[in-house]
Amino acid sequence: MTLRLHNTLTGAKEAFEPLEKGHVRMYTCGPTIWNYAHVGNLRSFLFYDLVRRHLRVSGYRVTHVMNLTDIDDRILDQAMHAGMSIGEYTKPYATAFFEDMAALRAERADHYPRATEHIPEMVEMIATLLERGNAYAADGDVYFRIASFPGYGALSHLDRAGLRAGARVATDKYDKENVSDFALWKKAQPEDEKIGAAWDAPFGRGRPGWHIECSAMSKRYLGDTLDIHAGGVDLMFPHHENEIAQSEAANHQQFARVWLHSEHLFDATGEKMSKSAGGFTTLRDLVEAGHDPLAIRFFLIANAHYRSRLRLSSEALHAAAEQVRRLREFFDRVERTPSAASDDEGLEQKTAAVRAAYREALDDDLNLPQGIGVVFDLIREANAALDSDQVGPRNKASLLGLIDDVDAHLDVVRAEEPGLAEEVERLIGERESARRARDFARSDQIRDDLRRRGIALEDSKAGVRWRRVAPTGAERS
RNA sequence: GGCGACGUAGCCAAGUGGUAAGGCAGAGGUCUGCAAAACCUCCAUCCCCAGUUCGAUUCUGGGCGUCGCCUCCA
C-alpha cells in the first residue's frame with residue numbers, strides 16, 4: 001500500500017508522490033514567538049513531526065522548513081511596552097520553543113528561517129508583485145490586489161461574495177481597493193524605529209506583512225513548488241490562501257501540491273485553545289502539574305487522528321501516560337526475557353499481520369490512533385505468551401521489530417532513561433537482604449522511600465526492576 | 001447571514017453496508033510476604049425520526065445538539 005494523504009486543496013485522499021523522486025520538500029507554519037507556545041500550537045508542530053517521520057518510514061528524504069515569525073503586531077506591541085527591541089523581546093520565546101520541541105522529542109527541521117532575517121527576499125517578491133500589477137502601493141503601505149488573482153479562495157472554498165459578506169466594516173480605515181486585499185508591506189511608524197522593526201525598501205521604509213514571509217522563505221529554501229505545506233486549520237484562511245495568491249502570482253508556478261491541515265486542540269471546557277481568547281495551557285504548565293512530556297507527546301499525536309478535534313483533559317492525559325508506560329514496559333520485557341526453545345507460529349503470524357496493519361493505518365492518511373489500537377491488541381497476546389514462556393528467538397526479533405516500527409513515529413519507547421543510579425542499586429541490594437531476612441518493614445520502607453522520589457520497584461522471578469515514575473505527591477491537574 | 005465539521009460505552013477513541021479495534025476508569029479472579037507488573041473474565045447495538053437495502057452505526061433526507069472558519073490565531 002502506498003501513502004495516501006488528505007489534501008485540503010482537493011478535499012480528498014490522494015496517493016502521495018513528490019515532484020522529485022525520493023525527495024520531499026515540506027514547509028510548515030511555525031510559531032509566532034511573542035509568547036510561549038500553548039499545547040494547541042504544539043499539537044500542530046508534533047503533527048508536522050509525525051508527517052516527516054512517516055515520510056521517512058516511507059523511504060523519502062525530507063527537506064523540512066519551519067518558519068519562526070519574529071515580527072508581527074503582537075510582538076511590536078509587547079516589545080514597545082517592555083521597552084526593548086523586537087529581537088530582545090522574542091529571544092527567550094524562541095529559546096523556549098526549541099526547548100519545548102526537544103522535550104516533546106520532535107525531530108529538528110532542516111531550516112528554521114526567521115522573518116526578520118529574510119527581509120530582502122520578501123522585498124524582492126513584493127517588488128515583483130508590484131511590477132506585475134498584483135500589488136499596489138497606498139500611502140506607504142503595499143497591498144495584494146485580490147482582484148488580480150482569480151483563483152483566490154480555492155483552498156478554503158470561500159468565494160469572494162462570501163468574503164465580502166463576512167468582512168467587518170472596521171477594516172476600512174486603510175486605503176484599500178477592496179476590503180479583502182491584504183498587506184504585503186506596512187509603512188514604518190515612528191515607534192517602529194525604536195524597536196528595530198523597520199527596513200528600507202524601494203517602495204518605502206517599513207515592515208513586512210505577515211503572509212509574505214512564508215511565500216518568500218519557502219521559495220528561498222525549497223523553490224517555487226512545495227510537495228507539502230502544512231499548518232493548523234485556522235491558518236487555512238486567510239493565511240494559506242494569501243500565500244497561494246502571493247506565490248503563484250509572483251512565480252507563475254503551483255505553490256503547494258498537497259495541503260495538510262491539523263485540527264484544533266480544545267481545553268477541558270470544550271473551548272478552542274487560543275492565545276487571544278485568554279486561557280491557554282503551555283507545556284510548562286502541564287509538566288509542573290506532574291505530567292510526563294512523553295505522555296503529552298503521545299496524547300497529542302496518538303490520542304486522536306490529526307483531522308479530528310482533540311480535547312485536553314487530565315483523564316485523557318493520564319490514559320496516554322498509561323499507554324506509554326505499557327509500551328515501554330512491554331519493550332523492556334521482550335528485550336530482557338530469555339528466548340524460549342522454540343517459536344510460537346501463531347504469534348509469529350499475528351505479529352507479521354499487525355506490523356502490516358500498523359503500516360497500512362499510517363499509510364492511510366496517518367491514522368496513528370488506529371495503528372496503535374492493533375498494536376495494543378498484539379501486546380496483550382504477546383504478554384500472555386511471555387507469561388507462559390512461549391516466545392522464541394524469531395518471535396522476539398519480530399516483536400522488537402514491531403516496537404521499532406511503532407517507535408519510528410511515537411519515539412517514546414526507546415527514549416533514553418537515565419543510567420542506573422548507584423544509590424538505587426545499593427538500596428535495592430539492601431532491600432533484598434532485608435527481604436531474605438524477612439524484615440518486611442525495612443523492605444517496604446526502602447521501596448516507599450524510592451517511590452516518593454519517583455522510582456518504582458517491581459519484584460519478579462527474574463529479580464528486582466526499577467523504573468522512573470511520577471513522584472508520589474505530584475498531583476495531576 | 002455564508003461555508004464547514006462533529007455527535008460511537010463513565011471518559012478518550014478507531015472503524016466497516018452484514019450483527020462494534022484499542023486505551024483509561026470500574027468490578028471480580030490468577031500470581032505475589034505485601035505490592036507492582038502481566039494475564040483471564042465482565043462492562044455499548046453506535047443522538048432522534050423517516051427512507052434506500054435482504055440487511056445501516058456505516059448511504060440519503062429531515063430534526064435536535066455541540067463546535068469551527070468567515071477577524072489576530074497552530
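Residue numbers start from 1 in every chain, and the chains themselves are labelled A, B, ... in the order their sequence lines are given, proteins ahead of strands.
The ring-ring contact (aromatic ring centres under 6.0 Å, His included) pairs that include a residue from residues 360-380 of chain A number zero, where partners must be two or more places apart or lie in different chains.
In terms of the salt bridge (charged side-chain N to carboxylate O under 4.0 Å, His left out) criterion, A/Arg114 has no residue partners (sequence neighbours excluded). For A/Arg436, there are no salt bridge (charged side-chain N to carboxylate O under 4.0 Å, His left out) partners at least two apart in sequence or on another chain. Partners of A/Asp439 according to the side chain to side chain contact (heavy atoms under 4.5 Å, CB included) rule, which considers only residues two or more places apart in sequence or in another chain, are A/Ala434, A/Ala441, A/Arg442. Not counting sequence neighbours, the partners of A/Asp411 by the side chain to side chain contact (heavy atoms under 4.5 Å, CB included) test are A/Arg53, A/Arg105, A/Arg297, A/Asp407. Listed by chain and number, the residues in a salt bridge (charged side-chain N to carboxylate O under 4.0 Å, His left out) with A/Glu191 amount to none (sequence neighbours excluded). For A/Ala357, the side chain to side chain contact (heavy atoms under 4.5 Å, CB included) partners are A/Val374, not counting sequence neighbours.
Here A/Leu265 lies in heavy-atom contact (under 4.0 Å) with a base. No engagement by A/His239 is indicated, since no non-hydrogen atom pair under 4.0 Å with the nucleic acid exists. Residue contacts for A/Gly30: at a heavy-atom cut-off of 4.0 Å it reaches the sugar-phosphate backbone alone, with no base atom in range. A/Gly232 comes within 4.0 angstrom of sugar-phosphate atoms only, judged by non-hydrogen atoms across all strands, and of no base. Here A/Gly40 lies in heavy-atom contact (under 4.0 Å) with a base.
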Pairwise N/O distances under 3.5 Å, protein to nucleotides 5-11 of chain B:
| residue | atom | partner | partner atom | Å |
| --- | --- | --- | --- | --- |
| B/C11 | O2' | A/Glu315 | OE1 | 3.4 |

In B/S/- notation, 5' to 3', how is nucleotides 28-37 of chain B contacted by protein heavy atoms closer than 4.0 Å?
-----BBBBS

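Computed from coordinates, the A/Arg328 CZ to B/G23 C1' distance equals 18 Å when rounded to whole Å. Distance CZ (A/Phe266) to P (B/U66): 14 Å, rounded to an integer number of Å.
Residue A/Asn383 places at least one side-chain N or O under 4.0 Å from the OP1 or OP2 atom of B/C39. In this structure, A/His318 reaches the B/A25 phosphate: one of its side-chain N or O atoms is under 4.0 Å from OP1 or OP2. In terms of phosphate contacts, A/Ser314 brings no side-chain nitrogen or oxygen within less than 4.0 Å of OP1 or OP2 of B/C12.
Pairing for B/G28 is with B/C40, a Watson-Crick or G-U wobble pair whose two hydrogen-bonding atom distances lie under 3.5 Å.
Comparing the same atom, P, in B/A36 and in B/A25 gives a spacing of 12 Å after rounding to whole Å.
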